[in-house]
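These notes concern the structure reproduced below.
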Amino acid sequence: MLGADEIRRALSRIGHEILERTDGGTDVVLLGIPTRGVPLASRLAARLAQTEGIEVPAGSLDITLYRDDLRLRPARALGHTEVPDCGVDGKVVILVDDVLYSGRTVRAALDALGDLGRPRAVQLAVLVDRGHRELPIRADYVGKNLPTSKREAVKVLLAETDGLDSVLLQVRPEAGQ
Amino acid sequence: MNRHLISAADLSLADAISILDTAEELARLAERPIPKLPTLRGRTVVNLFYEDSTRTRISFEAAAKRLSADVINFSAKGSSVAKGESLKDTALTLQAMGADAVVIRHNASGAPHRLAEWVRGSVVNAGDGTHEHPTQALLDAFTMRRRLGRLSGLRVTIVGDILHSRVARSNVWLLHTLGAQVTLVAPPTLLPVAIGTWPCAVSYDFSSVLPASDVVMMLRVQHERMAQAYFPSVREYSRRYGLDGDRMALLPPHAIVMHPGPMNRGVEITADVADSARSTIVEQVANGVAVRMAVLYLLLGGGPGGPGMAGGPAGQAAMPEPAGVAL
Amino acid sequence: MNAWLIRGARVLGADPTDITIEDGLITELAPAGRATKVAGQVIDADGLIALPGLVDLHTHLREPGREDAETVASGTAAAALGGYTVVHAMANTDPVADTAGVVEQVWRLGREAGYADVQPVGAVTAGLKGTQLAELGAMAESAAQVRMFSDDGQCVSDATLMRRALEYVKAFDGVIAQHAQEPRLTQGAQLNEGEMSARLGLTGWPAVAEEAIVARDCLLADHVGAALHICHVSTAGSVEIIRWAKSKGWRVTAEVTPHHLLLTDQLAAGYDPVYKVNPPLRTAADVAALREGLADGTIDCVATDHAPHPAESKETEWSIAAFGMTGLETALRAVHEAMVTTGLIDWAELADRMSRRPAAIGRLARTHGRPLAAGEPASLVLYDQAPVTAVDPAAHASRSRNTPFAGIKLPGQVIATFLRGTPTVLQGRLCR
């Protein structure tokens with residue numbers, strides 16, 4: 001659905017919008033949600049530094065221990081949480097993830113963030129919004145709105161984790177197959 | 001990982017690494033303003049302690065509470081095991097109370113194996129007789145990795161009453177799995193006769209192994225062993241197998257000194273060694289909470305669809321193993 | 001007239017034979033189809049093996065004192081189902097069988113039960129305390145006619161006391177059956193000392209603790225010219241020592257249990273106390289040596305050491321669980337598996353090790369362990385060697401369920417047992 005160029009352009013646009021809506025990036029902290037939100041947050045920070053000369057701290061926020069579906073699957077390995085030295089208190093924290101779907105991951109991230117400190121505001125940036133929300137959550141920055149059916153799966157591939165940049169739309173195999 | 005944690009010997013390399021990595025993440029959470037996680041909300045962890053061990057019990061209790069589990073402390077101490085309620089009846093009671101995990105400390109080797117046959121929840125061995133103490137070994141490995149940066153190839157010397165030490169057993173199996181080289185040092189009387197079958201080296205000469213040790217782990221030696229003729233006197237034991245400043249000087253500069261506690265200062269370890277910068281004894285206690293959180297998370301954090309990461313339930317040897325039937 | 005015609009049984013595994021039983025005696029053996037006598041009831045034994053009634057030198061019947069675990073009635077029922085026609089009842093009851101009164105009580109209960117004869121074993125020392133001889137002569141003269149004495153469960157560890165006991169029973173052709181276990185070397189012992197005990201953190205029961213007593217007692221038996229019987233030999237070293245003692249012509253006999261012929265200490269890995277027994281399960285090398293010793297006659301016989309325990313004595317932590325396994329109902333099948341299936345002995349030799357020799361050691365050779373021949377008492381077993389089934393403890397007549405063979409597939413099935421011409425088991429079920 002998206003190639004490397006389109007992903008780069010989408011991140012570029014999100015970067016601009018962040019600057020517009022956060023008073024030029026003041027007090028912004030980017031926290032990527034593992035796995036693929038983390039390299040996306042780093043790319044955003046790098047882009048802002050490169051094109052605008054603005055240093056925005058980026059880190060990661062693992063939400064595994066806050067998930068509401070832990071009991072549906074075997075215990076999962078934990079991701080890494082790395083909060084920049086400036087912390088989150090009084091900051092504008094922008095959560096970064098690859099795909100926004102049910103909204104449950106973001107709900108967990110908000111809980112996790114609450115245990116880290118008290119940001120002044122929390123915003124959400126996603127590469128793809130595929131709809132089908134199950135919670136009253138919406139993204140502040142969206143790379144691409146991708147209308148999907150629930151039978152489809154959206155797969156984001158990134159060079160850092162997967163060797164190439166791409167967004168794929170796959171039909172989920174029927175249960176039992 | 002299996003449904004239970006009963007023996008360090010049951011842990012695969014992947015399991016062990018997963019516990020240590022999870023503990024690493026969880027240890028960092030302890031530094032946050034709110035070191036509590038909602039992960040095990042609604043889960044019940046029972047601490048079933050037949051032996052006095054406030055330190056271990058508190059460590060498990062803190063671990064469970066930081067993960068928001070409900071904790072019930074069941075101290076069976078004082079009621080003689082032989083005369084009081086049987087372990088099986090206690091197990092059935094805990095089962096009825098809906099225990100998701102039972103952390104058991106017991107003076108009988110194998111009690112956790114038995115318990116696992118009678119409860120549906122996970123069983124965590126917090127030390128059974130002279131058998132194993134797997135979470136102690138895990139926290140020891142965690143401490144070594146934090147201090148020295150690796151486990152594979154690490155040269156670990158364990159000194160003391162190996163025969164009666166559950167800590168030594170768990171450490172030998174776990175460290176072997178993790179690729180460390182273990183050397184046991186003890187008077188021959190305090191080594192099992194079948195020690196040759198264990199994946200480790202044995203030495204009777206403490207001083208000679210120190211220059212080639214990255215870690216020295218001192219075990220507690222109980223005075224009553226002297227009456228049982230395991231060694232002639234505490235003085236002779238200390239002289240031959242105790243760690244004092246002179247011996248510590250034989251260690252390479254980076255080497256660390258560990259002790260699972262409680263220490264007999266002046267017997268197996270002198271005060272200056274215990275309090276030296278090489279000593280990790282206080283760290284071991286702190287690391288214990290993170291490691292036990294990791295174990296509880298990995299055992300209980302998943303759903304009924306399949307706890308753990310690999311393998312089937314352990315400690316479920318209801319059927320005799322063909323190994324023992326010479327058919 | 002109480003008469004039976006058993007058609008086509010293979011006596012000791014040989015050719016099909018018709019066996020006629022009249023008034024408690026075998027009155028005719030004839031090639032199949034050639035029986036001349038017209039008997040009352042007919043049993044079709046085509047394909048079944050006929051063995052003399054089995055003799056157990058080592059049974060714990062628990063009565064008096066622990067009737068919750070076993071009674072003389074339930075224990076002899078189990079014996080009959082296992083093909084036994086006589087069992088030696090060990091002395092460690094409550095009260096201890098250390099007086100003429102107690103041994104006569106057990107003997108009478110056995111006669112009333114009727115499933116198998118009960119020959120009481122007397123205690124060597126008063127109260128099994130190992131300090132003072134029990135009234136051995138009085139037990140010998142009692143109605144029970146005790147000839148075998150044992151403190152089984154405890155070792156007669158005092159060398160002087162053991163010497164005196166061996167000497168004393170010479171007066172009435174008695175035999176001391178020793179439970180060979182050096183007590184100081186086995187304090188708190190739980191499991192064979194070796195790789196498994198080291199791994200499990202259970203106090204080891206070293207082979208040398210048995211072998212040291214076996215060696216000492218062989219030397220004592222020679223010194224005083226007395227008869228010594230070694231109970232439940234469990235180690236390769238003991239077999240060697242007994243082989244040596246026998247080569248000297250000393251009056252030493254020995255028994256081995258079915259479980260020591262088939263199981264090893266590896267089974268303790270899950271800490272299930274059903275595998276806790278004294279002496280403990282040993283290693284595969286010991287099992288091999290015990291089989292070889294039984295095959296070459298170094299070990300004279302198989303004895304069950306049937307040791308029933310109620311469930312609560314086994315559903316516990318290993319270290320507080322009771323020692324012991326039931327054995328009467330599985331012994332023949334287990335020995336079949338360990339010794340016959342492996343080709344180490346044939347059926348005639350099995351009859352020798354499970355009937356003739358134990359009867360001789362128990363001083364019962366006039367009435368038990370007799371050959372299957374005309375004019376002999378009709379105490380015999382019909383055994384089907386073909387089926388292979390998993391052992392089901394729930395089906396056992398013993399009051400206890402602590403068999404180590406539960407769920408394990410073993411060959412064979414006892415079809416019928418006759419005690420002096422009266423069936424105690426028919427079609428695999430207890431009579432009456």
Side-chain angles (χ1 to χ4, degrees), chain B residues 6-7 9 50 80-83 86-89 91-92 104 106-118 127-133 162-170 172-173 191-198 228-229 314-327, chain C residues 187-188 190-204 206-208 259-275 281 283-288 290-291 311-321 334 337-338 341-342 404-411:
Chain B
I6 292 179
S7 163
Y50 285 85
S80 151
V81 175
K83 281 191 241 161
S86 75
L87 179 63
K88 184 178 184 181
D89 286 335
L92 297 179
I104 179 172
H106 203 292
N107 50 9
S109 299
H113 285 81
R114 303 295 287 153
L115 185 68
E117 290 174 28
W118 300 320
D128 63 325
T130 54
H131 175 227
E132 284 218 39
H133 193 353
I162 309 295
L163 182 63
H164 300 97
S165 174
R166 50 194 174 207
V167 175
R169 273 177 188 71
S170 288
V172 166
W173 306 129
L191 289 164
V193 290
I195 193 67
T197 62
W198 288 13
Q228 296 159 331
Q316 295 282 82
M319 291 297 290
E321 295 172 37
V325 186
L327 294 174
Chain C
Q187 276 186 349
Q190 299 291 327
L191 180 66
N192 177 49
E193 182 165 71
E195 182 265 338
M196 190 50 72
S197 68
R199 181 149 75 79
L200 297 183
L202 292 172
T203 306
V208 65
H259 47 269
H260 286 112
L261 289 171
L262 210 51
L263 308 176
T264 73
D265 60 355
Q266 298 296 310
L267 287 163
Y271 293 93
D272 185 343
V274 77
Y275 303 112
L281 299 178
T283 66
D286 293 305
V287 168
L290 292 167
R291 289 179 179 184
E312 62 269 22
S313 297
K314 288 290 192 179
E315 288 184 343
T316 66
E317 302 85 325
W318 178 286
S319 55
I320 63 170
E337 176 72 6
T341 305
T342 52
F405 298 111
I408 292 181
K409 286 193 169 175
L410 289 178

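Order of the sequence lines sets the chain letters (A, B, ...), proteins ahead of strands, with each chain counted from 1.
Among residues two or more places apart in sequence or in another chain, the side chain to side chain contact (heavy atoms under 4.5 Å, CB included) test is passed with C/Thr283 by C/Asn192, C/Asp265, C/Ala285, C/Asp286.
Closest non-hydrogen pair, C/Leu202 versus B/Thr130, comes out as N-OG1, 4.4 Å. Across all non-hydrogen atoms, the minimal contact from C/Glu195 to B/Thr197 is CG-OG1, 3.3 Å. Summarising the geometry of C/Gly194 relative to B/Ala194, their closest heavy-atom pair is C-CB, 3.4 Å, with the distance given to 0.1 Å.
Taking CZ from C/Arg199 and NE2 from B/His131, the interatomic distance works out to 7.5 Å, rounded to the nearest 0.5 Å. Distance check: B/Asp128 CG to C/Leu200 CG gives 9.5 Å after rounding to the nearest 0.5 Å. The OG1 atom of C/Thr203 sits 8.0 Å away from atom CG of B/Leu163, with the distance rounded to the nearest 0.5 Å. Taking OG of B/Ser109 as the start and OH of C/Tyr271 as the end, the distance is 5.0 Å to the nearest 0.5 Å.
Looking only at distances, a side-chain donor or acceptor of B/Arg169 sits under 3.5 Å from a matching main-chain atom of C/Ala198.
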Show your working on salt bridge (Lys or Arg N to Asp or Glu O under 4.0 Å) between B/Arg114 and C/Glu317 and close with a plain yes or no. CA-CA 7 Å; B/Arg114 303 295 287 153; C/Glu317 302 85 325; over 6 Å; no

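In this structure, C/Glu315 and B/Trp118 have side chains that are in contact, with non-hydrogen atoms separated by less than 4.5 Å.
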